[in-house]
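Worksheet for the structure shown next.
Numbering starts at 1 and runs along the sequence shown.
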Amino acid sequence: MVPERLGINEGYVAELYELYREDPQRVSEEWRRFFAEGGFIPSPDGREGVSAAVEGALAARAMNLGQAIRHRGHLAARLDPLGSPPPGDPALDPAYHGLTEADLSRLPADLFDGPLVAGARHAGEVIQRWRQVYCGTIGYDFSHIQDRKEREWLIEAIESGRFRVEMSPDLAGRLLERLTQVEVLERFLHRAYVGHKRFSIEGLDLLIPILDEILAGAVAQGAKYAAMGMAHRGRINVLAHILGKPYEMIVREFSGVVAREAMSAAEGGTLGYTGDVTYHLGREGTVVAGLKGILANNPSHLEFVNPVVEGIARALQEEGDGWDPRRALPILIHGDAAFPGEGVVAETLNLSRLEGYRTGGTIHIILNNQLGFTTDVEDARSTFYASDVARGFEIPVLHINADRVEDGLLGARLALAYRQTFHKDIVIDLIGYRRWGHNEGDEPSFTQPLMYKKIQEHPTVREIWQKEGEARGLIPEGLGEELVKRYWSIWQGLKEKVEAEAPKEVAFHLQEAPEGDGSFPEEGTALSPETVERLKEEIYRIPPGFTLHPKLVRQVEERREALREGKAIDWAQGELLALGSLLMEGVAVRLTGQDTLRGTFSQRHVAFYDYETGEKYIPLQHLPSRKAPFYAYNSPLTEAAAVGFEYGYSLHKEMALVLWEAQFGDFANVAQVYIDQFLASAWAKWREASGLVLLLPHGYEGQGPEHSSARLERFLQLCAQENLRVINPTTPAQYFHALRRQAFSLKTNPRPLIVMTPKSLLRHPLARSTLEEFTQGGFHPVLDDPLVDDPGEVRRVLLCSGKVYVDLLARRQKEPRRDLACIRVEQLYPFPRRELEKVLRRYEKSETYVWLQEEPRNMGAWTFMAPRLKAILGEEPLYVGRPPLASPAEGFAELHQRVQEEILREALGALQVKEG
């Protein structure tokens, strides 16, 4: 029997109602009759209608449906210009929730919230409006955002329509002209320079209007810079239409004129300038009045430019000690295969909210071809969307159909507003296609025949916009054809002009740029007495009430005493003197790396942590005499993105010594792309100069294959045309002067500095310097043997570099030798020929010359030094060191010790002094 009032059994009735809706036979005949008649009974408040329990169940289901549409509606959005149906989701269907349209029409509209509720007669109308927005032609993908304020902001921004463009005939015409410029550039180059690679933007032409909209909005909100990075797809179009690269320059490059002019200027050679292909080049220029754009140079390593751009942006956002993310807007343009495929993407996303690396939000645009080189989506990623990597970092994604011009502008406005509001990253997944192959000489139909049949028949976005504009009365008929003719004529005219003025072919011959002698103009790096006095007072100043860790109290006091009383100074203190003095002289310093604040070997302690409160205090940031900022951060446990970031930062931070330290030197292996493609070759390819310093702990101390070598040989192999500076210093004073020399060279001749830094020498009593060594002289590329009294007695000269010298020195102190000299090559590159020749002349009576190293013969400096020493000595020196090995070092401490002892014994050799 059905009760007249449900009372406390309302929940039970609701459960029965759900069973009835699934299968009427699951409830009794009485309940079937009740529900079949509509379930209308007097409700507890006396009004007639659906019972509160039944209404509550329907409301809960309707809310689940609404939530599904908001969060999963993008799966039903029509995003593919080529027309593939969206996958959809069962949760978007009312039936999935046990609802009918009639059920929705019974429920009130105010069951829901948001802008689209206003004016709706019932819940069904709200659901329909939501479907139009969330299942239309833009995919709003933000269900992974945890912050409620962000979700509410996004819902309001999406549903209010406040970012939708009010289209007018003027704007429609300007958009048509812009799309014509984009298309004609590609079509002209395709026809005029058959087979030339350019990595066309066609199929994703909407990128240019999207960038226009973002940049115009950014400058209106106070931005001064836009730092941009991208791979090669569409780069030429971005250079021309965003960065303002003249059409004529592009024609000159494609015609070969630029290359001939370069060879002619170099008298048929290159003189160290190799240049690069057009689709790797960057540019700086005014993109909108008041906004300077920087498109970073990028090799073919696709996404590796990402952290470089973030570093550039961070440098431009800093002013003095302050940081303003609105000063510079980073924009990264990705490929759909590379975004999930290249690990550096995730590394860079991880930087986005870290104190030392954040840039206040980056706008990411994925140029989604729906295809890799020839690899289909199902073979390219394990995720549904190309953008899904961003979900783990709580980054919202806007999936946009690249044929929908107005949707692209809406997405651009919304993305910029989100970034400016929350200072977080956001992704625009621009889904289009690639009209040609991976490059214009490739045949894509070999591997994607069905896709390319569709593409051949598919109109361009310019044609689609023209037709739509004409149908809406926004674009006059004939304007599209007139614009195509106008821009084609411009390109044709420039081609004819360039060909008529092109220089004749020049004779070419290979030539080797002369290698310098390793010297360059020195600026005084020694400290003045006044600076020393200020450093004594300031660098170890601890604020009142700050509790140092008990184990650090003695160390700090000993370092204070060393300065006050002129005692020996260790490595970390020498570094501190270099950085502190530079800050006092107006040179900014940025020191980052793996565990860098403390130091891998607990040697640095540039930051102190209060033993009672945990509060961090960095003395160098509080120097009373400081004239420039000091930035110090521990980096995340990453090498590639961290080095890329510091490289980019070093390019645009004026007068700043930028240092990155690896936990162990071999960790830099993971950043090899940046070492090869940026640090070593950027000047030759792009005339891009960086003064970045890499601090790489190096030395054989029995810690195994992975923690011994910083792979010195790899850096030396890259050295040519004075592109790098590579040093292996053995004293704190040498390190001190090298850092100061590097800082002063930033003004006139910046080059990356690679430092093989010590481990065991950090506290070694034989690797200390006197205070006088900091106040006199400078960096010495070559150090003579301080133990030699009479060079005429020397018969055996050892040449070496780095820590092995200290090992040898310890042995020689126990076993003095008058016939032996040990020369340290502290600067390996640029090769210090002049200084080395000067020192070697002192030992003209020497009978034997030996190159000593602790690394294997196929590693270390041997293969680099051997031919250079032969050029000086007239013969190749003897080699002493480990034999050629596949692994850099022994994995057992005892074995290491025995090998090290054998090397030193062989190096010392037999007594050479002759009687009489």
Side-chain angles (χ1 to χ4, degrees), residues 570-576 578-579 591-606 632-640 642-643 646 658-672 674-675 679 692-716 724-736 738-739 742 752-764 766-768 800-807 824 826-828 853-856 859-861 882 887-891 893 896 900:
D570 66 16
W571 198 275
Q573 190 166 12
E575 179 185 78
L576 191 64
L579 302 185
L591 173 64
T592 66
Q594 296 167 330
D595 309 292
T596 292
L597 296 187
R598 192 202 73 173
T600 299
F601 312 102
S602 198
Q603 84 281 7
R604 179 175 289 118
H605 296 288
V606 75
Y633 304 100
N634 285 330
S635 72
L637 190 58
T638 177
E639 292 81 29
V643 172
E646 304 306 334
V658 184
L659 310 98
W660 179 80
E661 181 177 58
Q663 190 178 99
F664 288 91
D666 58 290
F667 284 26
N669 285 349
V670 187
Q672 199 66 43
Y674 294 101
I675 294 166
L679 272 72
L692 177 61
V693 180
L694 299 188
L695 305 178
L696 308 179
H698 175 84
Y700 282 55
E701 287 125 350
Q703 296 190 48
E706 271 66 66
H707 291 341
S708 296
S709 175
R711 296 289 186 173
L712 172 62
E713 64 279 356
R714 293 183 180 173
F715 293 97
L716 295 176
L724 298 172
R725 296 170 186 147
V726 183
I727 65 172
N728 196 0
T730 54
T731 73
Q734 282 284 87
Y735 179 50
F736 164 89
L739 292 181
Q742 178 72 2
L753 172 65
I754 314 301
V755 187
M756 300 290 114
T757 58
K759 294 173 288 178
S760 62
L761 301 193
L762 291 170
R763 298 177 177 85
H764 201 296
L766 297 180
R768 298 198 172 197
C800 65
S801 184
K803 173 209 153 252
V804 71
Y805 167 80
V806 178
D807 292 345
R824 283 169 280 173
E826 300 273 292
Q827 175 179 294
L828 292 158
Q853 66 178 41
E854 53 186 357
E855 301 89 349
M859 301 178 196
R882 283 171 171 79
S887 174
E890 302 80 18
H896 157 80
Q900 204 78 357

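- In this structure, Thr600 OG1 and Leu695 CG are separated by 10.5 Å, a value rounded to the nearest 0.5 Å.
- Under the ring pair (Phe, Tyr, Trp, His ring centres under 6.0 Å) criterion, Phe736 pairs with Phe774, not counting sequence neighbours.
- For Thr731, the side-chain contact (heavy atoms from CB on, under 4.5 Å) test picks out Ala733, Gln734, Ser769, Arg824, with sequence neighbours left out.
- Using a 3.5 Å distance cut-off with no hydrogens or angles, the side chains of Thr730 and Glu826 do pair a donor with an acceptor.
- The closest donor-acceptor contact from the side chain of Glu701 to the backbone of Gln703 lies at 3.5 Å or more, if one exists at all.
- The two residues His698 and Ala710 come nearest to each other via the heavy atoms ND1-N, 2.9 Å.
- Applying the ring pair (Phe, Tyr, Trp, His ring centres under 6.0 Å) criterion to Tyr735, with sequence neighbours excluded, gives Trp571.
- The backbone N or O of Tyr633 lies less than 3.5 Å from no partner atom in the side chain of Thr592, so there is not a single donor-acceptor pair.
- Of the possible polar contacts, none joining the Arg714 side chain to the Leu716 backbone as a donor-acceptor pair under 3.5 Å is found.
- Summarising the geometry, atom CG belonging to Asn728 is positioned 11.5 Å from atom CD belonging to Gln827; distances are rounded to the nearest 0.5 Å.
- Atom CD of residue Glu661 and atom CD of residue Gln594 lie 9.0 Å apart, to the nearest 0.5 angstrom.
- For Pro636, the side-chain contact (heavy atoms from CB on, under 4.5 Å) partners are Asn350, Leu351, Leu354, Tyr357, Thr638, not counting sequence neighbours.
- When the ring pair (Phe, Tyr, Trp, His ring centres under 6.0 Å) test is applied to Phe601, the partners found at least two apart in sequence or on another chain are Phe664.
- Applying the salt bridge (Lys or Arg N to Asp or Glu O under 4.0 Å) criterion to Glu890, with sequence neighbours excluded, gives Arg882.
- To the nearest 0.5 angstrom, Gln603 atom CD is 6.5 Å from Arg763 atom CZ.
- Atoms CD and CD, from Gln900 and Glu854 in turn, are 5.0 Å apart once rounded to the nearest 0.5 Å.
- Here the side chain of Lys803 pairs no donor or acceptor atom with the backbone of Pro758 at under 3.5 angstrom.
- Heavy-atom minimum distance, Ile675 versus Ala668: CD1-O, 3.8 Å.
- A donor-acceptor pair is defined here as one N or O able to donate and one able to accept, closer than 3.5 Å; such a pair exists between the side chain of Gln853 and the backbone of Pro856.
- Distance check, rounded to the nearest 0.5 Å: OG1 of Thr757 to CD of Glu575 gives 9.0 Å.
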